[in-house]
Amino acid sequence: MAKYLAQIIVMGVQVVGRAFARALRQEFAASRAAADARGRAGHQSAAASNLSGLSLQEAQQILNVSKLSPEDIQKNYEHLFKVNDKSVGGSFYLQSKVVRAKERLDEELRIQAQEDREKEQTPPT
């Protein structure tokens with residue numbers, strides 16, 4: 001009786017172990033695919049997203065800009081900052097989100113400018 005119980009326990013552990021290993025491989029593959037997708041956006045851009053807590057897409061949505069145009073960013077930032085000012089009944093939380101979004105987009109513009117300078121300095125081969 002104990003022999004059969006031990007066999008059942010061993011078999012159950014093997015089944016659970018295989019399922020766990022398969023799930024772990026799938027999660028690893030999904031994580032690698034996500035990292036590769038982020039890698040295409042550039043390492044500095046990903047680092048900026050981690051530091052600011054906002055992705056580039058989130059920042060663009062908050063400031064309602066589709067392309068990285070410094071004039072559009074500044075115009076929308078000033079408007080949203082004024083509208084969400086606490087003295088006119090706005091939300092400090094939303095105002096801080098607007099500030100963080102502008103900081104994130106400014107950082108992205110800086111990264112793009114730096115990459116452009118590096119491309120100009122690198123001689124074509």
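Lys3 is listed as a side-chain neighbour of Gln7, based on a closest heavy-atom distance under 4.5 Å.
The side chain to side chain contact (heavy atoms under 4.5 Å, CB included) check on Asn64 picks up Asn76, with sequence neighbours excluded. Annotation: side chain to side chain contact (heavy atoms under 4.5 Å, CB included) contacts of Leu68 (sequence neighbours excluded): Leu56, Gln60, Ile73, Leu105, Glu108, Leu109, Gln112. Judged as a side chain to side chain contact (heavy atoms under 4.5 Å, CB included), and not counting sequence neighbours, the contacts of Val99 are Tyr77, Phe81, Glu103. Partners of Lys97 according to the side chain to side chain donor-acceptor pair (under 3.5 Å) rule, which considers only residues two or more places apart in sequence or in another chain, do not exist here.
How far CD of Glu115 is from CD of Glu120: 12.5 Å, rounded to the nearest 0.5 Å.
Residue pairs meeting the salt bridge (charged side-chain N to carboxylate O under 4.0 Å, His left out) criterion with at least one member in residues 71-90, sequence neighbours excluded: Lys67-Asp72.
Judged by distance alone, the side chain of Arg104 and the main-chain N or O of Leu54 form a donor-acceptor pair under 3.5 Å.
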Listed pairs under 3.5 Å, donor-acceptor, residues 13-27 side chains, sequence neighbours left out:
none

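A salt bridge is absent between Arg110 and Asp106: the closest approach of a Lys/Arg side-chain nitrogen to an acidic carboxylate oxygen does not fall below 4.0 angstrom.
Here the closest heavy-atom approach between residue Leu80 and residue Ile62 is recorded as CD1-O, 3.4 Å.
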